[in-house]
Amino acid sequence: MIKIMKYGVVTEDEIFSRSSSSKDVSSVVSSIIKDVQEKGDEALREYTKKLDGADISEIEVSKEEIKAAADSMDSEFMRVLEKAASNIRKYHSKQVRNSFVMTEENGIVLGQKIVPVSVAGIYVPGGTAAYPSTVLMDTIPAKIAGCGSVIMVSPPGKDGKLNPAVLASAYVAGVDRVFRVGGAQAIAALAYGTETIPRADKIVGPGNIYVAEAKKQVSGVVSIDMIAGPSEILIISDGASKAKVVAADMLSQAEHDKNASAVLITDSERLAEEVRAELEVQLPLLPRYDIARASIDTNGKIIVVDSIEKAIEVSDRIAPEHLEVCVDNPFDYLDKIHNAGSVFLGRNCPEALGDYIAGPNHTLPTSGTARFSSPLSVDDFVKKYQFSYYTQSALASVADDVALFARREGLEAHARSALVRKEEEK
């Protein structure tokens, strides 16, 4: 049963502790990455057989198989996929940055160019659940950014095939190439390339502990979005909320993973007790009962505070992945929130809206990293370079200043590179 704790009575360690995996998989992952570097496609086939129980002669999924998966979907699901994709495109289109040019005196031209990465690699989890929503969320920003190629990897089932709903989502999102490989071996393939899978410039998408460790190890060889931890939801609510609704929202994250955390912070002791009771009513109704049960019992918390303002203060220290502010006047508090991945305002905005249909991204910072990082966006798929142009006279006017600065740093060649041009002008 979930714990109820009074802020200021229990220790801060109890309030702010987080779930984490103590399993060290670094050496296993390092070995997998090395094998893929050395053996390429052969290693991918070996690990897919060993870890996923699937024989894959063809690593790449054909265009025909992707189209057939989309055609096999019922029309209502395809309608929802298209609607979600439209909302995601509309939202992320607002994130597009523009290059700029500054023209200064003496013919000086300065500027910044925004350019997309050439190859974006999308990791889509398999295993205990299929996530077509992740395909949309991770692919569409890359497409809007203008990436030359968006490639997707995902672990196959024992039959060697990918989930049809995932393939249908890839079709709707416009993924360029799809590969039936997952785990740390897929991350290694994206980072270093194999005979079949091209090397990516950016890898995004969530995964299990092996995927997260692999992303960590290849970071620097390739850019990554983030190291994703267990899913989190934190709900701030006053006593006017319905316990049935709050409990349902908490369970929406608890069913993801045994290490997921669902937290309620409220100024109402009555609501705290009612939600605890309601969780016990709703838990047995879930198909993923064992997962949700473990999450609620191990990582779930209900924290009672004196005010909604204090609730926001506590939430900011936790920096949750998902934050629901279930009050009648949520915009009164929006400017007070600083640390959260995605914020859901009011009593009619469940986190599930953000997972699927609203438009903002659902690939979010976890484990408190919302203190310094952001949701996946178009920005993740572009890079910037800057440029400068000086006329001869413009350089001559600042050459002495450049030389002075350079010599203060002990870099005589730097100084001379500016002065020699001034001397040549004379």
Side-chain angles (χ1 to χ4, degrees), residues 37 88-122 138-151 174 176-177 190-193 197-204 215-227 338 361 363 365 369-426:
Q37 282 183 272
I88 295 165
R89 287 190 190 100
K90 188 185 302 181
Y91 180 86
H92 288 78
S93 292
K94 297 292 186 183
Q95 298 174 338
V96 174
R97 293 175 180 265
N98 295 316
S99 301
F100 66 83
V101 177
M102 300 165 51
T103 303
E104 303 288 342
E105 60 185 15
N106 296 332
I108 297 171
V109 181
L110 309 172
Q112 177 176 277
K113 289 286 289 184
I114 306 290
V115 293
V117 299
S118 296
V119 181
I122 310 297
D138 291 0
T139 301
I140 290 173
K143 284 289 183 176
I144 292 171
C147 295
S149 178
V150 179
I151 61 177
D176 295 296
R177 299 177 70 184
L190 290 175
Y192 295 99
I197 300 178
R199 180 177 179 175
D201 302 302
K202 181 91 181 194
I203 301 174
V204 305
K215 287 171 71 177
K216 181 179 179 181
Q217 290 192 22
V218 301
S219 177
V221 174
V222 61
S223 175
I224 65 169
D225 54 348
M226 61 189 78
I227 307 296
H338 301 99
N361 212 280
T363 300
T369 59
R371 291 183 300 108
F372 52 79
S373 56
S374 307
L376 190 76
S377 73
V378 173
D379 285 344
D380 284 284
F381 298 99
V382 299
K383 56 196 177 76
K384 301 178 277 289
Y385 71 80
Q386 57 198 28
F387 60 89
S388 308
Y389 170 82
Y390 271 59
T391 62
Q392 191 175 51
S393 61
L395 173 62
S397 70
V398 297
D400 290 336
D401 295 338
V402 172
L404 175 62
F405 219 137
R407 285 167 173 159
R408 287 295 172 92
E409 294 189 346
L411 299 173
E412 180 62 23
H414 279 61
R416 292 183 180 217
S417 72
L419 294 175
V420 70
R421 287 173 168 82
K422 183 178 178 181
E423 291 166 2
E424 284 294 310
E425 183 185 11
K426 292 178 182 178

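All residue numbers in this chain count up from 1 along the given sequence.
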query: Between K422 and L395, is a side-chain contact (heavy atoms from CB on, under 4.5 Å) present by the stated rule, with each step listed?
result: CA-CA 7 Å; K422 183 178 178 181; L395 173 62; over 6 Å; no
field: Minimal non-hydrogen separation, P116 against C147, with atom names
entry: CB-N, 3.7 Å
statement: On a heavy-atom basis, the closest approach of H92 and P141 is CD2-CG, 3.5 Å
- request: May I ask you to test the S223-K383 pair for a side-chain heavy-atom distance under 4.5 Å?
  value: no
- prompt: Checking side-chain contact (heavy atoms from CB on, under 4.5 Å) for the pair I114/V96: CA distance, chi angles, key distance, verdict?
  reply: CA-CA 10 Å; I114 306 290; V96 174; over 6 Å; no
- line: In terms of heavy-atom contacts, A415 and R407 come closest through CB-NE, 3.7 Å
- request: Indicate yes or no: at least one non-hydrogen side-chain atom of L110 is less than 4.5 angstrom from one of F387.
  value: no
query: Under the 3.5 angstrom rule, does the side chain of T369 hit a backbone N or O of P365 as a donor-acceptor pair?
result: no
message: One pair to check against side-chain contact (heavy atoms from CB on, under 4.5 Å): D138 and T363. What are the steps and the verdict?
response: CA-CA 7 Å; D138 291 0; T363 300; 2.8 Å; yes
- request: For side-chain contact (heavy atoms from CB on, under 4.5 Å), just list the numbers for D400 and L419, CA-CA rounded to whole Å, side-chain angles, deciding distance to a tenth of an Å, and then say yes or no.
  value: CA-CA 7 Å; D400 290 336; L419 294 175; 3.4 Å; yes
- prompt: Ignoring hydrogens and geometry, is there a side-chain-to-backbone donor-acceptor pair from S219 to K215 under 3.5 Å?
  reply: no
- request: Give, for atom OG of S93 and atom CD1 of I88, the distance between the pair rounded to the nearest 0.5 Å.
  value: 11.5 Å
query: F381 pairs by side chain to side chain contact (heavy atoms under 4.5 Å, CB included) with which of L376, D225, V150, I144?
result: L376
field: Between CE on residue M226 and CG on residue D380, distance to nearest 0.5 Å
entry: 6.5 Å
- request: Any chance you could measure Y192, atom OH, to Q37, atom CD, to the nearest 0.5 Å?
  value: 4.5 Å
- prompt: Which atoms form the tightest heavy-atom contact between K202 and V117, and what is the distance?
  reply: CB-CG2, 4.3 Å
R97 vs D379 side-chain heavy atoms within contact, under 4.5 Å: yes
Heavy-atom closest pair, residues V222 and A191: CG1-CB, 3.9 Å
task: State whether the number of non-hydrogen atoms from other residues, nucleotides or ligands found under 6.0 Å of F405 atom CZ is greater than 12.
output: no
- prompt: Can you tell me how far the OG atom of S99 sits from the CD atom of Q112, to the nearest 0.5 Å?
  reply: 7.0 Å
message: When you compare the side chain of I151 with that of V119, does any pair of heavy atoms fall below 4.5 Å?
response: yes
message: Keeping N361 on the side-chain end and P375 on the backbone end, is there a donor-acceptor pair under 3.5 Å?
response: no
query: Is the CZ atom of F100 crowded by more than 12 outside heavy atoms at less than 6.0 Å?
result: yes
message: Less than 4.5 Å apart, side chain to side chain, heavy atoms only: is that true for V221 and R199?
response: yes
- request: Please determine if K143 and D176 form a salt bridge, counting it only when a charged side-chain N lies under 4.0 Å from a carboxylate O.
  value: yes
- prompt: Is there a donor-acceptor contact under 3.5 Å from the side chain of R421 to the main chain of S417?
  reply: yes
message: Looking at every non-hydrogen atom in both residues, tell me the closest pair between N106 and S397 and how far apart they are.
response: ND2-OG, 4.3 Å
- request: Spell out, as yes or no, whether a donor-acceptor pair under 3.5 Å connects the side chain of S118 to the backbone of G148.
  value: no
query: Side chain of Q95, backbone of V378: donor and acceptor closer than 3.5 Å?
result: yes
